[in-house]
Amino acid sequence: MVSPRMKAVQFSQFGVPTEVAGPVELPAPAPPGPGEIAVDLLCSPINPADLLLISGHYGIRPPLPALGGLEGVGRVSAIGPDVKNLKVGDRVLIGGGTWREQMITSAQGKFPLPEAAPAEQLAMLTVNPPTAWGLLHDHVKLERGDWVIQNAANSGVGTNLIVLARQLGLRSIAVVRRDDVAAQLRDLGADLVLVDGPDLAERVRAAIGTGRLRLGIDAVAGEATMRLGECLDDGGVVVNYGLLSGQPCQLGGRETVFRSIRLEGFWLNKWFGNHSPAEIGEVFGKLAGMLADGSIHVPVEATYPLSRIHEALAHAAREGRNGKVLLVPDPR
């Protein structure tokens, strides 16, 4: 008797994602055991963190061979004994090797997702929205009317952050590399959209006058970190959460020594570890509700089946994208 198989995306060495990751067929998982559920993939995004993981530059290195995909959404297809919090047909968040058609995972901590929220948006709930939430809540005590500045503002995290900042009564400055995304970001609620450049600090101060600006959020690193630091009030904090430039973060001596500008880092894995399950559940409940009512929405530029992973990875690494790239199961 032939054992059932499933498609997945696997890498057996670290390196350039399009070169080391590829489609494979693996044995389908066994039925779920006590406290477990079987989940069929609906969709999973390709995030910058996924590319870093495959290249070997992420904060952790999984044992090889490994399956790609840090987050996604699936539908429960079977439940094991003692599972009371879920039923077959529920949609749930999944993590850790999500680029596969089926997986067995623990039911603990999982909850049914609102049916009103599109699966494509739910697939991006685990990483980008809580990252934006943590960046705004965990580093600087902000008050209504304060300004916050971020680069890579048209990214998934960036667009979520604009919406969350507006809901908190904050005013946001969106720094981008090209001005063709300015209208989109203003529609989301950005108060000011500026193209990055060496005179960024002068343009920011001319625009906000005496407005208080104590938090800079950096996804780029390199000299971009320095430009954000130059924009901040004395004693401000630049929080770095991404390395899009591939360069180390930089801050000038004028900022660190004479203006007491600090550099801190944000990693979502540590955010999960630093908050209780109840706190995390409360945040995710709020964020899922915002997805359901459409107040949080990340544009999707393309969707690929798992078997076309090379095209999908190349697309995700492309500069000038206007939305996320998602993976879905192959048509049956």
ask   = Is the ring centre of F11 less than 6.0 Å from the ring centre of W99?
value = no
key: Test log, rule side-chain contact (heavy atoms from CB on, under 4.5 Å), inputs V163 and M290   = CA-CA 10 Å; V163 173; M290 294 176 70; 4.1 Å; yes
key: Over 12 non-hydrogen atoms of neighbours within 6.0 angstrom of CZ in R178   = yes
key: T225-D218 side chain donor-acceptor pair, cut-off 3.5 Å   = yes
Straight-line distance of R212 CZ to R171 CZ, nearest 0.5 Å = 14.0 Å
query = Would you say Q250 has more than 12 foreign heavy atoms packed within less than 6.0 Å of its CD?
reply = yes
inquiry  = Going by the rule salt bridge (charged side-chain N to carboxylate O under 4.0 Å, His left out), which residues pair with E279 if we only count those two or more places apart in sequence or in a different chain?
reply    = none
request  = Given side-chain contact (heavy atoms from CB on, under 4.5 Å), test I173 with I208 step by step and report yes or no.
outcome  = CA-CA 10 Å; I173 304 168; I208 72 172; 4.1 Å; yes
inquiry  = Out of the candidates N47, N128, T98, only one should pair with E71 under the side chain to side chain donor-acceptor pair (under 3.5 Å) rule; please name it.
reply    = N47
query = Can a salt bridge be assigned to the pair E264 and R262 using a cut-off of 4.0 Å between side-chain N and carboxylate O?
reply = yes
message = Can you tell whether the side chains of R214 and E143 come within less than 4.0 Å, N to carboxylate O?
response = no
ask   = Does E202 have any salt bridge (charged side-chain N to carboxylate O under 4.0 Å, His left out) partners at least two apart in sequence or in another chain, and if so, which?
value = none
query = Is the closest basic N to carboxylate O distance between D330 and R308 below 4.0 Å?
reply = no
inquiry  = Atom CD of residue position E115 - does it have more than 12 heavy atoms of other residues, nucleotides or ligands inside 6.0 Å?
reply    = yes
task = Flag the pair L313 / P17 as yes when at least one side-chain heavy-atom distance between them is below 4.5 Å, and no otherwise.
result = yes
message = Would you say that more than 12 heavy atoms from the other residues, nucleotides or ligands in this model lie under 6.0 Å from the CZ of R259, or not?
response = yes
request  = Any chance you could lay out the side-chain contact (heavy atoms from CB on, under 4.5 Å) test for V73 and V92, step after step, and finish with the verdict?
outcome  = CA-CA 6 Å; V73 64; V92 295; over 6 Å; no
message = Please give me the minimum heavy-atom distance between D82 and P34, naming the atom from each residue.
response = OD2-CB, 4.2 Å
ask   = Between R227 and E230, is there a side-chain N and carboxylate O pair less than 4.0 Å apart?
value = no
key: Residue pair H315 / E301, side-chain donor-acceptor N/O under 3.5 Å   = yes
task = Just jot down the salt bridge (charged side-chain N to carboxylate O under 4.0 Å, His left out) partners of R203, sequence neighbours excluded, or say none.
result = D199
